[in-house]
There are 2 protein chains.
Amino acid sequence: MMETKTDPRVLRTRKLITDAFIKLSQSKSFSDISVKDITEEATINRATFYRHFLDKYDLLEKVVEEKLHLNLGCDKQKDSLSIEETIQTVFLSLTRFKTSVSNISGQEEKETIDAIIKLELVNIFSRKLIDMDAAINADLIVKLAKWLTATVRSMSQDWVESDTAEEPEEYIASLLPFVMCGIEAL
Amino acid sequence: MMETKTDPRVLRTRKLITDAFIKLSQSKSFSDISVKDITEEATINRATFYRHFLDKYDLLEKVVEEKLHLNLGCDKQKDSLSIEETIQTVFLSLTRFKTSVSNISGQEEKETIDAIIKLELVNIFSRKLIDMDAAINADLIVKLAKWLTATVRSMSQDWVESDTAEEPEEYIASLLPFVMCGIEAL
DNA sequence: GTATAAGTGTTGCTTAAGTAACACTTATTA
DNA sequence: TAATAAGTGTTACTTAAGCAACACTTATAC
């Protein structure tokens, strides 16, 4: 792993852009945000924006990816979690993340975000399942990871829509045993 | 007045440096702060520091100047203040400023700060006196400005040292009439 | 229709910031 | 006393960001 650390100017500029974008997202919908808006808010040149991102859709993807990575267990300390704890953590992180981007309105953007979420979750669960038992067939790993992803996504969606007084922690606790039955059958 | 606006990179870098310096000043004394400390905190290159400032003493001067300018009546809206209101405002601003930099410890630095304060205050009072009556002799203007500066500085110092329960607003209100007597004799 | 306005990507060129090296000064300490 | 270490200014060079112009797309309005 050759970690050539990136130029501090690049990091700074990226942060300025993404912070500006997130800030603007609080007050107006994605379709109403222009690249010019973002660069003015970020006090960087418009040409510089295009050195970092293809367009605002590309920026959205990158921001969502980054925020998901930050929220979900992509750090070392989470490597030690059991599959059960991982499912729980991912559910809670995803639910938190979804409420944080709930202001994004357009259909197209929602699809973009969902696609990234699926990708991230499948990655996380695949890694965790391999950690659990490296001997399992690779095809089965992917199938199970997709199933867990669908499970967690639908539960998270249900919790948000049901607008319940129940805390997300309680919600997942009440369903987790059923999910675990299937996994423990491995 | 040809206002060639400065490169946003310059503004950003300056802010990073001064913010880092102010932050470090909260936790350690001036003599314990190195240029390297500042640039690391600011996440800018050490060479870049020297493009903006001669050394940390120069930085101190610039920061103090800027903060004073920000606090004291150097904006347009304060142009309309009477001499009495100006004295009051300057006293309050200076007292606020002095408490904000009270953590700076060394003798040398205190002298630097005091020198800048004197310069700024004399400037402010001179301008205000000229506004009042452009006909007054220039020498007299400077003498009076220096006197008002000494007056306000000593009062501010006295308020800080006395560690009184009295609010700065009350303090200056109780003394302002005596000062105004002299000015009104003009 | 077409004029006007505002945003989009892209370009060549300028300038500020990053980098790594340098000689130099101060301390600390072995 | 010499050796190690850490900070200071300074340098030549590289790279990223700023700038201003460009052709192009949309959309609103006259």
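Throughout, a chain's letter reflects where its sequence line sits, starting with A, and its residues are numbered from 1.
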Gap between atoms CG and C1', on B:Leu54 and D:dT10 respectively (whole Å):
13 Å

Can you tell me if B:Tyr50 touches the phosphate of D:dT10, counting only side-chain N or O atoms and a distance under 4.0 Å to OP1 or OP2?
no

Here the pair of heavy atoms bringing A:Pro168 nearest to A:Phe91 is O-CE2, 3.3 Å

Over 12 non-hydrogen atoms of neighbours within 6.0 angstrom of NZ in B:Lys146
no

So how far is it from A:Asp133 CG to A:Ile141 CD1, rounded to the nearest 0.5 Å?
7.5 Å

Side-chain donor-acceptor pair under 3.5 Å between A:Asn123 and A:Ser126, yes or no?
no

For the residue pair A:His52 and A:Lys62, what are the closest heavy atoms and their distance?
O-NZ, 4.3 Å

Atom CZ of B:Phe49 and atom P of C:dG18: how far apart are they, to the nearest Å?
13 Å

I want to check a possible cation-pi pair here: B:Lys56 against B:Phe30, using under 6.0 Å from ring centre and within 45° of the ring axis as the test.
yes

B:Leu16 CG - C:dA17 C1' separation (whole Å)
11 Å

Starting from C1' on C:dT8, measure out to OH on A:Tyr57 and report it in whole angstrom.
12 Å

Would you mind reading off the distance between A:Arg14 atom CZ and D:dA17 atom C1', rounded to a whole angstrom?
14 Å

Taking protein heavy atoms under 4.0 Å as touching, what does nucleotides 18-24 of chain D look like 5' to 3' if B marks base contact, S marks sugar-phosphate-only contact and - marks none?
SB-----

When rounded to the nearest 0.5 angstrom, what is the spacing between CZ in B:Arg14 and OG1 in B:Thr18?
9.0 Å

Show me the side-chain donor-acceptor pairs of residues 171-186 of chain A shorter than 3.5 Å, one per line, residues at least two apart or across chains.
{"from": "A:Tyr171", "atom 1": "OH", "to": "A:Asp158", "atom 2": "OD2", "distance (Å)": "2.5"}
{"from": "A:Ser174", "atom 1": "OG", "to": "A:Tyr171", "atom 2": "O", "distance (Å)": "2.7"}

Is the phosphate of D:dA16 approached by A:His52 (side-chain N or O, under 4.0 Å from OP1 or OP2)?
no

Please list residues of residues 32-40 of chain B whose heavy atoms come under 4.0 Å from any atom in DNA chain D, ordered by number; otherwise none.
B:Ser34, B:Val35, B:Lys36

